[in-house]
Protein chains: 2
Amino acid sequence: MWEALSSNEMVSAPPRLEAFGRRTNRRAGEESALPHTKRVTLSDVAAMAGVSVTTASYILNGRSAEMRISGDAEHRVRSAAERLSYRPNRNARSLRTETTATIGMISDHVASGPYASAMVSGASAAARAGDHVLIIGETEGDPIIEAALIEEMLDRRVDGIVYVTLATTQVAVPAQLRETRTVLLNCVDVEGTLPGVVPDEYRGGRTAAAALLAAGRSERVFLVGEEAAPEVIAERERLRGITDELASAGTALAGTISCRWSVTDAYAAMMSFLDSGGSASAVVCLNDRIAMGAYEAFAEHGLVVPGDVSAVAFDGSELATWLRPALTSVAIPYAELGSVAVEMLLDGTGGVRRLPMPLLAGASV
Amino acid sequence: MWEALSSNEMVSAPPRLEAFGRRTNRRAGEESALPHTKRVTLSDVAAMAGVSVTTASYILNGRSAEMRISGDAEHRVRSAAERLSYRPNRNARSLRTETTATIGMISDHVASGPYASAMVSGASAAARAGDHVLIIGETEGDPIIEAALIEEMLDRRVDGIVYVTLATTQVAVPAQLRETRTVLLNCVDVEGTLPGVVPDEYRGGRTAAAALLAAGRSERVFLVGEEAAPEVIAERERLRGITDELASAGTALAGTISCRWSVTDAYAAMMSFLDSGGSASAVVCLNDRIAMGAYEAFAEHGLVVPGDVSAVAFDGSELATWLRPALTSVAIPYAELGSVAVEMLLDGTGGVRRLPMPLLAGASV
DNA sequence: AGTCACTGCTGAAACGAATCAGCAGGAACA
DNA sequence: TGTTCCTGCTGATTCGTTTCAGCAGTGACT
């Protein structure tokens, strides 16, 4: 019914498998030690099925209807591909199509630190769901490494780049990023043009304050944490949310206990606050570690959480569940941030998305 | 002195830059919206320098001496490349050379969890140092995803794969991994053939025990943690190290307080131990979280660390420094594990390397 | 004058897929 | 008996590199 017209004198009978396995070794004496054994190519499949490479390509790319390929040919090609366990060479395909099914992820300290690495796995999962893979690179905050990594990714013709920062900040992104599709993750573009995704810190702030208000703690509420650098959005927005929520209940923060965002600093600051006669009915800690430091200071002063003093924090890390009593914390949805960023990249969605920060209820309020 | 012989009728005078910028747009009416603007290719560089593509390639690959290229031609090519800011297309190069300067990293839960993500950044840094990039994929422990990811990476012709597990285990790796160079990270091959790198858990165990002995705690020393699944190496080796070290001082473990490796479980187990009249001079906790749970139980029983009871643990996570008093912990060198794995991959080193687990001294002993 | 070696390059063929343009052969129609 | 249309394919080109094999031109030597 059909004629084999393939260039290398093949006729209908499919050659034996073993023969094929070897045929692909073109040059003699090239049995490399460890690396890739020569893999099956499309032309092997075509030859085995007795069709042209063109036809095989159309079939395997699902264009057989459009190209009016007979069911017979289709079946022969598919089973040949199966028997040879053919897998297309992505590099060759990419060269031709200018798409690589690859997403670059450039971060400052995300993968290294334990805090936000869920962004990586969220992104990785979403990439997989969209039939892409993730190339990652860490700049360690060095602009030179950053530039090199971006070049590297552009050289590999990634389909897009996710640019991610550990802290929720405003960033001036390197100009090269505008050469490809880019989505910002956990940061926003100073110029306001690039799409991105961040936690909704403002509403998170309101959530935290609302939790305290619901428990009747509206007086002597202190904020614990440091005023952050101007490019850090998180602190400013959270504070705005807290203030607004308290105001809506006719009250306000009693003050700020200033400290860096670490356990030991928070412990020290809270100790000196308490030592000097300070008294709080509730504290809003800017992250879970600060809350841990505060807990330690409370314990040392015989203060019981939540009886004597309530605490809410931000992050929703595992640490919050480890403390006794478990800490009520407004969570940063890291994994979701990562996956949404990748989805936006693949969809082509624009604008800045703000993801809700869910309240992780503990027993500290 | 030289003649321009390039195929497209170019003569010596380098054409204007702008002309080149456009020349590469072959088909008309193809100004795509966002994605890659057509990039400069090697033939653009060659044309501008008035040499053949071959010559340009040799020069830019540093083979000019070997190929006897004149300094003049070399200079012209290099400056053309510079002016056009030429960057080679990695896909095209990979297609020809069968090497991609890419390393695949397949993990079960490494990137997602906060614990071991430093392995990723260690690997990423080492990859960068070796002029490679890292493609990551998370299997979430699912063998189907795992197989798909490995295929994906082989399709992309990675130069090698780092196979990493969250827990230090013995694994039976998927057969496909043997198609490429593979290094195991934080796990060892059941068959014993694949190279890999793991923490030296046995010596880590000795280190932990030695720290207690040095402080004079040799009696009533309890192990806290659960007997792990048989494929988990960490627990068994640590225990062997602890036992041997104590034995060398003529003593032995007083017993095991069994619990899962989490804060709450450890707290509960330690509480019931203490409630039922148990008494320890020291505890060896199989990880930092267990120690945190133990701390909480000690505090509740009015026991002071290290006065009443000493504690050492394993992991060396940040948590150890957050506790009061700071926990003495035998650290898992995650970042180093990651970088060593990549280096082994690039070097071609074989065998299983065991990295020392440094003692992170706190104030708990 | 003829051979030779050397210098400084170049043409063309890969690599593995995607895709445009077209071509036999048969059926349908005038 | 042509012409046209449809079916079911295929050849050749392209993507951007690397690299093998070879080729003019020059000077040195016999």
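All values below were derived from every heavy atom in this structure, side-chain atoms included, with hydrogens, water molecules and symmetry-related copies excluded.
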Record whether the side chain of [X] comes under 3.5 Å of the base of [N] through a donor-acceptor pair of N or O atoms.
X        : N       : value
Ser43(A) : dG16(C) : no
Ser57(B) : dT17(D) : no
Arg96(A) : dA18(C) : yes
Thr97(B) : dT17(D) : no
Ser94(A) : dA17(C) : no

Could Glu191(B) and Arg178(B) be called an ion pair, given the rule that one side-chain N must be under 4.0 Å from one carboxylate O? yes

Determine, for Asp155(B) against Arg90(A), whether the closest basic-nitrogen to carboxylate-oxygen distance falls under 4.0 angstrom. no

d([atom1], [X]; [atom2], [N]) in whole Å:
X         : N       : atom1 : atom2 : value
His75(A)  : dG8(D)  : NE2   : P     : 17 Å
Leu95(B)  : dA13(C) : CG    : C1'   : 13 Å
Arg156(B) : dG16(C) : CZ    : C1'   : 15 Å
Glu66(B)  : dT19(D) : CD    : C1'   : 10 Å
Asn89(A)  : dC15(D) : CG    : C1'   : 13 Å
Asn61(B)  : dG16(D) : CG    : P     : 17 Å
Leu154(A) : dG16(D) : CG    : P     : 16 Å
Leu42(A)  : dC15(C) : CG    : P     : 14 Å

Can you figure out which of [options] approaches the side chain of [X] most closely?
X        : options                   : answer
Arg68(A) : dT7(D), dA17(C), dT10(D)  : dT7(D)
Thr54(B) : dA18(C), dT19(D), dA12(D) : dT19(D)
Val51(A) : dA18(C), dG16(D), dT10(D) : dT10(D)
Val53(B) : dT17(D), dC9(C), dG11(C)  : dT17(D)
Ser70(B) : dG8(C), dA18(C), dC15(C)  : dG8(C)

Counting distance only, does the side-chain N/O of [X] pair as donor-acceptor with the main-chain N or O of [Y] below 3.5 Å?
X         : Y         : result
Glu146(B) : Gly141(B) : no
Thr102(A) : Val133(A) : no
Ser64(B)  : Ile69(B)  : no
Thr182(B) : Leu177(B) : yes

Start at the 5' end of DNA chain D and walk down; is the nucleotide closest to Asn91(B) or to Glu74(A) reached first? Glu74(A)

Starting at the 5' end of DNA chain D, which residue's closest nucleotide do you reach first, Tyr58(B) or Ile69(A)? Ile69(A)

Any side-chain N or O of [X] below 4.0 angstrom from OP1/OP2 of [N]?
X        : N       : answer
Arg93(A) : dA18(C) : yes
Thr55(A) : dT10(D) : yes
Ser52(A) : dT10(D) : yes

Please classify the nucleic acid contact of Arg90(B) as base, sugar-phosphate, or nothing, using heavy-atom distances under 4.0 Å. nothing

5' precedence on DNA chain C between Ala92(A) and Met67(A) (nearest-nucleotide basis): Ala92(A)

